[in-house]
Structure formats: structure tokens, C-alpha cells
There are 2 protein chains.
Amino acid sequence: MRIDPDPPARSTYRHGDLRRALLAAGIELARNGGPDAVVLREATRQAGVVPNAAYRHFAGRADLLKAVRDTALSQVAGAMEAELARVKPSRSAAVFARASLRAIGVGYLKFALAEPGLFRTAFTVTEDSELPLGSGRGVGTGKNPFQLLGGALDLMVSAGLLPHQRRDGAEFLAWSAVHGLAMLTIEGPMRAMPRAMIDRLGDRVIDMVEKGL
Amino acid sequence: MRIDPDPPARSTYRHGDLRRALLAAGIELARNGGPDAVVLREATRQAGVVPNAAYRHFAGRADLLKAVRDTALSQVAGAMEAELARVKPSRSAAVFARASLRAIGVGYLKFALAEPGLFRTAFTVTEDSELPLGSGRGVGTGKNPFQLLGGALDLMVSAGLLPHQRRDGAEFLAWSAVHGLAMLTIEGPMRAMPRAMIDRLGDRVIDMVEKGL
DNA sequence: AGGCATTTGTGTACAGTGTACACATTCTCT
DNA sequence: AGAGAATGTGTACACTGTACACAAATGCCT
């Protein structure tokens, strides 16, 4: 006697909150398995609904993935905010600026290592959707990752640690260094590197950015 | 009247060089479309062969993708070698070392921008296959990207531009910075940035590495 | 040369995916 | 109460990877 693997689990014809349920399922799928793992039919299955029901709330798989990616990006921003909130105020503007920049980098890396699936999903291509640098606002400050990083860099300029001639576009330099380390460690040839070594490299990368910017 | 879209195109029962043909098709698929675009059935179609024939030469799609990835990695190494070959010898060890390190970075970035699909494929996860840092030897020197970068860093130490205390693991720092820029520009939020600006950022990232290492 | 094992390509089949289209049910608004 | 919109269902199709049995060519051993 086979047990029906898909009990109705729901008596009402209407689901009630299907969009949110599909998005939640999609996020969970992305969490383990990354972007390729967010498969529309599985999301509907978890929501206890027939595959095509998804099309009432998303234009298609790509659209669902985009929604997942946006929340993943917000979580990246959130991780950066959280780390930023931990830097204690200092009398020295220089100390504060450096700590802030470091917090940005550490928050980014921590999230990448803690949630590699979501991190990869956050920075995934989706042919059309342009991801215009202003995506993924954090719940705390309401700023996106680019703005958070920019704020820290402004502090570096104010503190005299970064010549203002080099301020323009500095976001991309700092971002590249930290992003590269994240990618190489979670999906690149440095996977399986012991965590302690990765953390050490993270510190050194941030040192390099501070010094080389 | 429909034309058969799949003419036999081959009279012999045996293909003769199917493995190479499948690999070539896979590379072409990866070139436009990245790792997800290398689909086994399409490769067999281009080789003029039935889908299952592929299983005589590859364990499955994952195995084919791995082969494509390995050649993509070799091409990365080749691009670095090519750029390295262009630095002209100098009486000053410092000048030569800096030029070499820059060539490594420029070669890497050039390839990423010229062949984004292959570049993404080169650094793609494949659950098991560990990609042990020693993959992808270039045809010229026979060295892999990691060794090429290491060589340039050794020159930096010899020239007195990099304290030997900081030599250990320096590959990962330099690599992270350049890799991050490549990723952000080809599949990240900096796509659609004008090429001139990207090139400028490439120079600045390499400056940052030189100075901050 | 003849016979036979091995290699390589074919045919058929199945489960899983995204999604188009018609239909059914429920909600909402007048 | 009834019309129209919103939402979920059923059926269907093309596509994917891949398992299994079969067929044809190759090569090797006597």
C-alpha cells in the first residue's frame, strides 16, 4: 500500500499566500544548491500546488529566480549592516574608518561562506535583468551593498586615509578583491581550503585593499 | 515539404573521432552561453550522432562539462602566457618584475572579457571534481595559471618589491582581486559598463595589488 | 582466412523539466 | 444576485539526461 506522497495539505481551493510560499521555497532551494537548484516545479510541490499555478505569480522560472536573487542580495546587504553595527565608535576618525571598511568586507565574506548557495544566487546572470548596482537594500539602513561600501570609503577619505583623487570608482576595486576571494573559496579552486586559512586570507585581502587603494 | 534537419552527413558507421568532436561542440556551446549551455544532446547533434553515443566517450553530461572546463582553463593559462611573452626584457629587475605581474593580470582579464562564456566555464563548480589548483596547463610553458602567477610573484621578491615574509599565499590575494573584477564585469552588476572604463579599472586593480601586496 | 570478443554507434524508453492552453473554482464589486 | 477578474487545475508538448538492449564495425588469436 503506497502512501500518497503528496497529500492535499490544504482544503481551500485558494492557497492564500502562494507568491510568498513559492518565493520561500525558491530561497530554500537556492540555499542548498545555488541558482541552478531553484526549479519551478519543486517550488510548487513544496507549496502544495500544481506546477502551472506558479504562472499566476511569476512570469516563469527566470522571474522566480530573479525574485530569489533580489532577496539574496538583500541578505548580503543585511550581513554587511550587521557587521557594521558592531564597530564601536572611536575618537579617532582613522580608526573608525578602517574598522568600518573592514566590517564591510568581513560581512560580505562571512555571508558568502555561511550561505554559499544564496551568495552565488545573488550574483548570477539572468540574460536581461540588469541588476543596476542599486539592488538589494538591507533592512537595517535601507542601503544597498554598493552604498554601504561607498559610505565606508567616504570615511576613509575624511580620515585622510584615502586621497580624494582616488576616491572615484574605489568601490569597484575594493569590491573586486573581496568578491574574488569569496568566489574562489566557495566555488573555485580554493574550496576545501581549511576555514582558518580562508579567514586569514580574508584579513590579508582587506589589508591589501586598505593599503593599495 | 520539410527538409530533414538532420541529414546523415556521414556514411561510415563509425564516426572516427567522436570524442574530439563532442568536446569541440561542447567548447563551442560554452563559448556562447557558459557552462549551462553545454548540453549533451546538442553536442551529439552537432557531431551528427545519436544522443547515447556520447556515453561511449564520457560518463555523462558532468564528465563532458569537466572536459570542456579543463580546456577552458588551459586557454586561460595560454592567454596569460601570451601576455607574458610580450614583456620585453629589462636591465632593471624591478621593471621586469612589475611588467610580468601586470602581464599576468592583463592576460587573465583580457581572456575573461574576450571569452566570458569559456571563462565562466573554467571556474564552475562540479560537485565532486576538486580542481586542485594545478589544472589547466598552458601550451606554451606547460605551467598552470597558479604557477605562472607564482613565478611573477617570485620575481617581485627577487626585485625587492615584495618582502619575502609576505610572499606566502600572495597568489591568492592577487588572484582574488583580478578574479573578482573579471566576475563582476562579465556576470555581475558591472556588466554593460563601457569597455574603456573596465580597462581603466583593470589597471587600477593591478596597481592596488602591486602596492597593497 | 575464420571466428569471436571488444568497441562503438543505434533504438527504445522513462523520468524530469519549463511552459502553453483550455477549463474550473473562488473572490470581489456593483 | 450576477458579472468579471483572479487564481488554481488538467492536459499536453518539447526538451533534457540517461538506462538498457541491440547492431555494426574493428581487431585479435588461432
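The chains referred to below are lettered A, B, ... by the order of the sequence lines, with proteins before strands, and numbering in each begins at 1. Only a predicted model underlies this, so the values are computations on that prediction, with no experimental measurement involved.
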Could you pull out all donor-acceptor pairs under 3.5 Å where a side-chain atom in residues 102-113 of chain B meets a protein atom, sequence neighbours excluded?
{"unit_1": "B:Arg102", "atom_1": "NH2", "unit_2": "B:Asp207", "atom_2": "OD1", "d": "2.6"}
{"unit_1": "B:Tyr108", "atom_1": "OH", "unit_2": "B:Trp175", "atom_2": "NE1", "d": "2.9"}
{"unit_1": "B:Tyr108", "atom_1": "OH", "unit_2": "B:His179", "atom_2": "ND1", "d": "2.8"}
{"unit_1": "B:Lys110", "atom_1": "NZ", "unit_2": "B:Glu83", "atom_2": "OE1", "d": "3.4"}
{"unit_1": "B:Lys110", "atom_1": "NZ", "unit_2": "B:Glu83", "atom_2": "OE2", "d": "3.3"}

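- Atom CG in B:Leu18 sits roughly 15 Å away from atom C1' in D:dA24 (whole-Å rounding).
- A donor-acceptor pair is defined here as one N or O able to donate and one able to accept, closer than 3.5 Å; such a pair exists between the side chain of A:Arg61 and the backbone of A:Val38.
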> What is the per-nucleotide protein-contact pattern of nucleotides 1-6 of chain D, from the 5' end, where B denotes a base atom under 4.0 Å from a protein heavy atom, S denotes such proximity for sugar-phosphate atoms only, and - denotes neither?
Replying inline: -----B
Distance-only criterion, 3.5 Å: show the donor-acceptor pairs between side-chain atoms of residues 26-36 of chain B and protein atoms not counting sequence neighbours.
{"unit_1": "B:Glu28", "atom_1": "OE2", "unit_2": "B:Arg31", "atom_2": "NE", "d": "3.4"}
{"unit_1": "B:Arg31", "atom_1": "NH1", "unit_2": "B:Glu115", "atom_2": "OE1", "d": "3.2"}
{"unit_1": "B:Arg31", "atom_1": "NH1", "unit_2": "B:Glu115", "atom_2": "OE2", "d": "2.5"}

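- Between A:His57 and D:dG8 there is a side-chain N or O to OP1 or OP2 distance below 4.0 Å.
- With A:Glu81 contributing its side chain and A:Thr141 its backbone, the two residues share a donor-acceptor pair below 3.5 Å.
- A donor-acceptor distance shorter than 3.5 angstrom exists from the side chain of A:Ser74 to the backbone of A:Arg137, with no hydrogens or angles considered.
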>> Generate the contact string for nucleotides 14-23 of chain C. Rules: B means base contact, S means sugar-phosphate contact only, - means no protein heavy atom under 4.0 Å.
In response: ---SBBBBB-
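- When rounded to the nearest whole Å, the span between CG of B:Asp17 and C1' of C:dG9 equals 15 Å.
- A salt bridge links B:Asp199 with B:Arg195: the closest approach of a Lys/Arg side-chain nitrogen to an acidic carboxylate oxygen falls below 4.0 angstrom.
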> Should B:Thr44 and B:Leu18 be marked as a side chain to side chain contact (heavy atoms under 4.5 Å, CB included) after you check the CA-CA gap, both sets of side-chain angles, and the distance that decides it?
Replying inline: CA-CA 9 Å; B:Thr44 62; B:Leu18 184 51; over 6 Å; no
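- In this structure, the separation between CG on B:Leu153 and CZ on B:Arg167 is 4.5 Å, given to the nearest 0.5 Å.
- Helix-axis bend for the helix from C:dA1-D:dT30 to C:dT30-D:dA1: the local axis fitted to the five terminal pairs at one end deviates from that at the other end by 0°, rounded to 10°.
- Not a single salt bridge (charged side-chain N to carboxylate O under 4.0 Å, His left out) links A:Arg86 to another residue, sequence neighbours left out.
- Side-chain atoms of B:Gln147 come within 3.5 Å of backbone N or O of B:Asn144 as a donor-acceptor pair.
- A distance of 10.0 Å separates CG of B:Leu181 from CD1 of B:Ile186, quoted to the nearest 0.5 Å.
- Atom CG of B:Asp36 is separated from atom C1' of D:dT16 by 13 Å (rounded to the nearest Å).
- Rounded to whole Å, atom C1' of D:dT9 lies 15 Å from atom NE2 of A:His15.
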